[in-house]
Amino acid sequence: QVHLVESGGGSVQAGRSLRLSCAASGSIFSIDVMGWYRQAPGKQRELVARMPSGGSTNYADSVKGRFTISRDNAKSTVYLQMDSLKPEDTAVYYCNTQVRTLFNRVIDSWGQGTQVTVSS
């Protein structure tokens, strides 16, 4: 179906940057929505950034001005540039995509998650 491969996670000190990537593969004709979610230990999964096609990009209040989501439709890849990282950004980050197949079938998919750890 649709397979998502995430990369770019790791451990950094506060104030530094990381760039997450998520490449989608499979029977993808077009991308409707690409986004990033995260889940910190003991907390629920939350929306970080979302980028629908033809719609407004939205960010969680906690990351506005620091994180930037972008996408490359030709590569079926979504990115999350994370600047000025804070310890509270520590979480497992999940890529989420909503794509259309060659036959206009909508598929919602999730990545396996990539760990981001920010130390003081």
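Numbering of residues begins at 1 and proceeds along the displayed sequence. We use all heavy atoms of the structure for the numbers below, so side chains are in, but hydrogens, waters and symmetry mates are not.
- In this structure, Ile28 and Thr101 have side chains that are not in contact, with every pair of non-hydrogen atoms separated by 4.5 Å or more.
- In terms of the ring-ring contact (aromatic ring centres under 6.0 Å, His included) criterion, residue partners of Tyr37 (sequence neighbours excluded) are, by chain and number, Trp110.
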Start with the C-alpha distance between Thr90 and Val116, add both sets of side-chain angles, then the distance that settles side chain to side chain contact (heavy atoms under 4.5 Å, CB included), and finish with yes or no. CA-CA 5 Å; Thr90 296; Val116 172; 6.0 Å; no
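- The list of ring-ring contact (aromatic ring centres under 6.0 Å, His included) pairs with a residue in residues 44-68, not counting sequence neighbours, is empty.
- Listed here is the closest heavy atom pair of Ser76 and Ile31: CA-CD1, 3.7 Å.
- Among residues at least two apart or in separate chains, side chain to side chain donor-acceptor pair (under 3.5 Å) pairs with a member in residues 63-72 are Ser53-Arg71, Asp61-Lys64, Arg66-Asp89, Arg71-Asn73.
- Listed by first then second residue, pairs satisfying ring-ring contact (aromatic ring centres under 6.0 Å, His included) with a partner in residues 73-104 number zero, not counting sequence neighbours.
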May I have the list of side-chain donor-acceptor pairs in residues 40-47 shorter than 3.5 Å, sequence neighbours left out?
residue: Glu46; atom: OE2; partner: Arg38; partner atom: NE; Å: 2.8
residue: Glu46; atom: OE2; partner: Arg38; partner atom: NH2; Å: 3.4

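- Put simply, CZ on Arg100 and CG on Asp32 are 4.5 Å apart, with the number rounded to the nearest 0.5 Å.
- To the nearest 0.5 Å, atoms OG (Ser11) and CG (Leu18) are separated by 8.5 Å.
- Among residues at least two apart or in separate chains, there is no disulfide (SG to SG under 2.5 Å) pair with a member in residues 45-88.
- Between Met51 and Val33, every side-chain heavy-atom pair lies at or beyond the 4.5 Å cut-off.
- Applying the disulfide (SG to SG under 2.5 Å) rule to pairs touching residues 1-83 yields Cys22-Cys95, sequence neighbours excluded.
- Val5 is linked by a side-chain contact (heavy atoms from CB on, under 4.5 Å) to His3, counting only residues two or more places apart in sequence or in another chain.
- Here the closest non-hydrogen pair linking Ser119 and Pro87 is C-CG, 4.4 Å.
- Residues meeting the side-chain contact (heavy atoms from CB on, under 4.5 Å) test with Ser109, sequence neighbours left out: Val2, Leu4, Thr97, Ile107.
- Scored by the side-chain contact (heavy atoms from CB on, under 4.5 Å) test, Glu88 finds Lys86 as partners (sequence neighbours excluded).
- Residues Val106 and Val99 fail the side-chain proximity criterion, which asks for heavy atoms closer than 4.5 Å.
- Within the structure, side chain to side chain donor-acceptor pair (under 3.5 Å) pairs that include any residue of residues 17-31 comprise Ser17-Asp83 (at least two apart or interchain).
- Here the side chains of Thr117 and Val12 are not in contact, with every heavy-atom distance at 4.5 Å or above.
- Within the structure, the salt bridge (Lys or Arg N to Asp or Glu O under 4.0 Å) test picks out no pair touching residues 104-120 (sequence neighbours left out).
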Asn96 and Trp36: side chain to side chain contact (heavy atoms under 4.5 Å, CB included), yes or no, with the steps? CA-CA 6 Å; Asn96 173 247; Trp36 290 93; over 6 Å; no
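- Under the 3.5 Å distance criterion, the side-chain polar atoms of Glu6 are matched with a main-chain donor or acceptor of Gly113.
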